[in-house]
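Worksheet: the structure to be examined is printed underneath.
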Amino acid sequence: MELLSFLIVGVGVGLLGSLLGIGGGIVIVPLLVFYCGYEPQAAIGTSVLVVLLNAISGTLGYMRKRQVCLDAALKFALATVPGAFLGSYAAEYLQGRLFYFLFGFFFIFVAYNMFTKANKNKKAATQDNAATQAPENYNWQLGVACSVGVGFLASILGIGGGIIHVPFMAYVLKFPVHVAIATSTCILAVSSLAGVISHGFLGHIMWLVGLCIGAGAFIGAQIGVQIAQRLQASYLLKFSSVLVFLTGLKFLLSSF
């Protein structure tokens, strides 16, 4: 019965993850820590496994719709790999209040940044909804530099790097939001694979739990891809920012 519950949760996680391009880790880690009572390292490692399965499914769906910018996805994904390996080892030192504080502070900062930019760019985001192509000339060097840090944060927190990549590509590199979400999902598939390998080696992954949630996430991601095409880009970013803020607030309060 418990495994069935994890499977159902996974469907919801996969839907949100592919819908927003964030991998679903912002749901998995709080769930495993607060409601299942798992240690942070186990929650993080298991979350990375779920993010991998979710990202693979979402990538397949977005590639069928030709919304992934393969050039950016390849460059940025490779840049996340070194950081992902380092992050999995750094996770060994995340204990107790430090884990809660870092997780909470980071999430609240990102949520604020996403929400304010979504408001300031509401008109542009609405127009962007119809765009389906990445800009021909974008600052890929800046994107690669950002991706190294994204890989580290994604692995150390088990959240998937889309929480940074999506707003970064949309508002710094000027990608259409839907293309940024699709490309971010593809990047997650590579970076989370590196994280799974290193977390697995360190014994951080609860494989049965992770595979059950991941199986549901694989299904939910396909649903999320379909829904994403019907929603306005600005609404996607605002919804994402609210979800991220509430999760961060929960962790931050738990650090005191």
Side-chain angles (χ1 to χ4, degrees), residues 13-27 50-81 110 114 117-118 121 124-140 142-144 146-147 150-151 154 159-193 214 217-241 243-244:
V13 167
L15 192 153
L16 287 175
S18 64
L19 183 64
L20 304 174
I22 56 178
I26 61 172
V27 178
V50 176
V51 168
L52 171 62
L53 297 174
N54 183 15
I56 290 174
S57 179
T59 297
L60 293 175
Y62 282 122
M63 289 188 74
R64 284 197 298 268
K65 294 181 178 297
R66 298 182 179 180
Q67 289 188 320
V68 177
C69 176
L70 292 176
D71 180 71
L74 179 61
K75 291 174 180 175
F76 297 172
L78 290 177
T80 65
V81 173
V110 172
M114 290 175 69
K117 286 193 173 185
N121 295 277
T126 301
Q127 295 172 343
D128 170 82
N129 194 56
T132 58
Q133 298 295 325
E136 291 185 7
N137 298 310
Y138 63 92
N139 192 338
W140 66 266
L142 181 61
V144 166
C146 173
S147 297
V150 166
I159 57 173
I163 197 172
I164 302 175
H165 263 144
V166 172
F168 177 80
M169 284 190 287
Y171 293 112
V172 178
L173 301 184
K174 306 302 181 183
F175 278 56
V177 173
H178 285 89
V179 175
I181 290 173
T183 304
S184 170
T185 303
C186 184
I187 295 168
L188 279 174
V190 177
S191 61
S192 55
L193 175 60
F218 195 94
I219 298 170
Q222 294 298 312
I223 302 173
V225 168
Q226 300 303 319
I227 296 176
Q229 311 309 309
R230 307 173 187 273
L231 295 180
Q232 215 172 73
S234 60
Y235 294 152
L236 287 174
L237 288 176
K238 284 185 177 181
F239 180 75
S240 177
S241 68
L243 183 63
V244 172

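Small disclaimer: the values here were computed from a predicted structure and weren't measured.
Each of Asn137, Leu142, Val144 was scored for a side chain to side chain contact (heavy atoms under 4.5 Å, CB included) with Trp140, with one residue passing: Val144.
The shortest non-hydrogen separation linking Phe175 to Ala180 is CB-CB, 4.2 Å. For Phe218 against Leu53, the heavy-atom pair with the smallest separation is CD1-O, 3.5 Å. Contact between Ser57 and Ala221 at its shortest, heavy atoms only, is OG-CB, 3.5 Å. The nearest pair of heavy atoms linking Ala217 to Val50 is CB-CG1, 4.1 Å. Here the closest non-hydrogen pair linking Gly58 and Gln222 is N-NE2, 4.4 Å.
Going from atom CD1 of Ile187 over to atom OG1 of Thr59 covers 9.5 Å, rounded to the nearest 0.5 Å. Expressed to the nearest 0.5 Å, how far NE2 of His178 lies from OG1 of Thr183 amounts to 12.5 Å. Taken from NZ in Lys75 to CG in Leu70, the straight-line distance is 12.0 Å, to the nearest 0.5 Å. Note: Asn54 CG to Leu188 CG = 8.0 Å, rounded to the nearest 0.5 Å. Distance CD1/Ile181 to SG/Cys186: 14.5 Å, rounded to 0.5 Å. Going from atom SG of Cys69 over to atom CG of Leu173 covers 10.0 Å, rounded to the nearest 0.5 Å.
No side-chain donor-acceptor contact under 3.5 Å links Thr80 to the backbone of Gly151. Of the possible donor and acceptor atoms, one in the side chain of Tyr138 sits under 3.5 Å from a partner among the backbone N and O of Ala72.
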